[in-house]
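Just so we're on the same page: letters track the sequence lines, and every chain starts at 1.
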Amino acid sequence: MKKYLQNTWQAIYTVLVGMKVTFKHLFTRAVTIQYPDVKIPLPERVRNRLYVNIDDCIGCDQCSRACPVNCIEIETVKAVPGEDLGMTSNGKKKALWVTKFNIDFAKCCYCQLCVFPCPTNCIYMTDIYEFSEYDRRNLVYKFSNLTEEEAAEKKANYEKFLAEKEAQKAAASKTQQ
Amino acid sequence: MYQLLYNITGNVIISTIVVALIPLTVILIYALFAIWLERKVSAHMQDRLGPMRTGWHGWLQTIADMLKMIQKEDTIAADADKKLFNVAPVLVFTGSFAAYAAIPFSSALIGSEIEVGLFYIIAISSLVVAGILMAGWASNNKYSLLGAMRSAAQIVSYEIPTALIVLTMAMYTGTLSLTKISEMQTAYFWNWNIFGGPEFGITKFLLIPFMIVAAIIMFISTLAEVNRTPFDIPEAESELVAGYFTEYSGMKWGMFMLAEYANMLAVSAVVSILFFGGYQSPFGYIGNTLNIQWLIPFEQTFWFLSKGLILVFVQMWLRWTLPRLRVDQLMTVCWKYLIPYAVVNLIVVGIISLI
């Protein structure tokens with residue numbers, strides 16, 4: 001009998017304790033962040049999407065080689081003499097046309113290893129972290145500022161230059177003999 | 001209300017339909033509000049915000065959900081018993097809607113002023129069990145069947161303490177008419193049945209503890225009858241997917257939800273009529289002091305709905321506080337605790353009111 005009454009009392013008492021806790025929480029501030037409207041400030045050294053300042057890129061391929069997952073794809077074409085590619089912002093002369101500079105963010109592991117070897121600091125991490133896509137192919141970012149025609153033209157130019165050089169060499173060797 | 005409409009229109013059918021539509025409108029508006037409130041209450045009790053994007057603090061969310069539910073495909077499982085499957089949600093809603101026929105919203109707004117209102121509500125709310133069993137059986141799904149069986153066991157068990165408390169109150173007030181019970185508790189809140197009713201002297205003080213016990217038992221057992229947490233084992237989403245309405249989708253599922261929320265208000269109304277004065281104001285009426293008689297029914301409706309909504313809020317509060325009971329615990333609470341207490345209460349209140 002004593003146990004029975006004790007159980008009853010305990011049931012009521014514990015329920016009331018629980019209700020007190022939930023009632024208190026009814027008036028505490030919500031911890032929710034209304035995400036697209038409110039964003040938490042990012043830490044200083046977060047690693048998010050890469051960006052390449054292609055005007056500064058000298059096409060040295062070091063970032064691509066440093067990449068552990070091979071998500072950076074670079075193709076370059078040498079400039080023919082007489083073409084002026086301009087200078088990088090820290091005063092280096094550019095000698096290569098960067099015909100292709102693709103980064104596949106579906107593969108990227110955000111390790112930031114590509115950033116360190118860059119001699120011109122043209123590849124770096126931005127604070128953009130929302131870039132989901134419905135199609136995986138849309139995650140390949142093309143940074144080269146040359147259009148395909150231009151790239152083809154540069155390639156053709158260089159091949160023509162090489163061919164001419166070969167021809168000249170051949171002609172020179174012919175005259176020597 | 002019916003008499004008034006009959007005097008104005010002089011037509012039986014029109015006045016009946018209008019009177020019948022009033023509780024339906026109340027239920028629909030209240031259900032939209034209550035679903036929003038439940039989300040908000042649950043969210044804030046868990047330190048979340050809940051719906052925020054549709055309308056101010058998400059108040060349009062339920063309307064958006066309703067529009068979505070109407071557009072949903074009406075799927076019926078291949079081996080389900082189609083007729084019973086389609087009838088079940090309607091039956092469940094009918095059960096909870098029919099209970100409103102006898103509930104006095106105010107002294108002027110009563111669907112049907114029957115002498116046996118209390119008895120009628122207990123009887124008609126049993127229809128819900130039939131609907132739930134029908135839904136569980138017709139779905140041809142083990143989860144649904146288990147949910148329905150649990151629900152039948154639960155509702156049938158918990159009708160006993162409810163009936164015992166109703167018996168206590170019927171004995172104490174000497175009537176089964178909800179209007180008369182409400183009328184007795186008029187004037188001030190110390191005339192409410194939970195504070196011993198309109199008695200004087202020692203009897204009142206002797207009655208108060210037993211009335212409080214009765215109110216608690218009534219509240220718990222009605223909570224179990226409308227399948228709310230901690231007694232929501234018929235749906236039990238973590239064990240039975242969604243219990244008896246696992247197979248339902250779209251508006252039929254919506255009917256179940258509507259019935260659940262309508263039921264919540266109905267049982268809150270019964271509890272508030274029996275113990276908290278029904279539509280009576282806790283302290284006089286503005287209409288009486290200003291001598292404007294037509295204002296009183298509106299005040300009464302306001303008090304009635306606010307009492308109902310406060311009890312609905314307590315039901316929600318309990319839902320987000322307590323975990324679900326196991327089946328054996330559920331039966332223990334009902335048969336080993338509530339019924340003995342209710343019987344003792346019945347006897348003691350009987351003796352006190354004899355004195």
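With a 6.0 Å radius and a threshold of 12 heavy atoms from other residues, nucleotides or ligands, L42(A) has its CG atom above the threshold. Atom OH of Y13(A) has 12 or fewer neighbouring heavy atoms from other residues, nucleotides or ligands inside a 6.0 Å radius. Surrounding NZ of K94(A) are more than 12 heavy atoms belonging to other residues, nucleotides or ligands, all under 6.0 Å away. Within 6.0 Å of the CZ atom in R48(B), the count of heavy atoms belonging to other residues, nucleotides or ligands exceeds 12.
How far CG of D37(A) is from CE of M52(B): 9.0 Å, rounded to the nearest 0.5 Å.
Between T32(A) and L49(B) the shortest heavy-atom distance is OG1-N, 3.2 Å. Residues P36(A) and R53(B) share a closest heavy-atom pair of CD-NH1, 4.4 Å. Residues T22(A) and W317(B) share a closest heavy-atom pair of OG1-NE1, 3.2 Å. Summarising the geometry of M45(B) relative to H25(A), their closest heavy-atom pair is O-CB, 3.4 Å, with the distance given to 0.1 Å.
Contacts of F23(A) with chain B are made by both backbone and side-chain atoms, with heavy-atom separations under 4.5 Å. Contacts between L16(A) and chain B at a heavy-atom distance below 4.5 Å are absent for every atom of the residue. Interface residue L322(B): only side-chain heavy atoms are found under 4.5 Å from chain A.
Comparing V21(A), N7(A), T8(A) by how many heavy-atom pairs each has under 4.5 Å with chain B, the most go to T8(A). Counting heavy-atom pairs under 4.5 Å between each of V333(B), D47(B), T321(B) and chain A puts D47(B) at the top.
When the heavy atoms of residues 336-344 of chain B are compared with those of chain A, the residues falling under 4.5 Å are K336(B), Y337(B), P340(B), Y341(B), listed by number.
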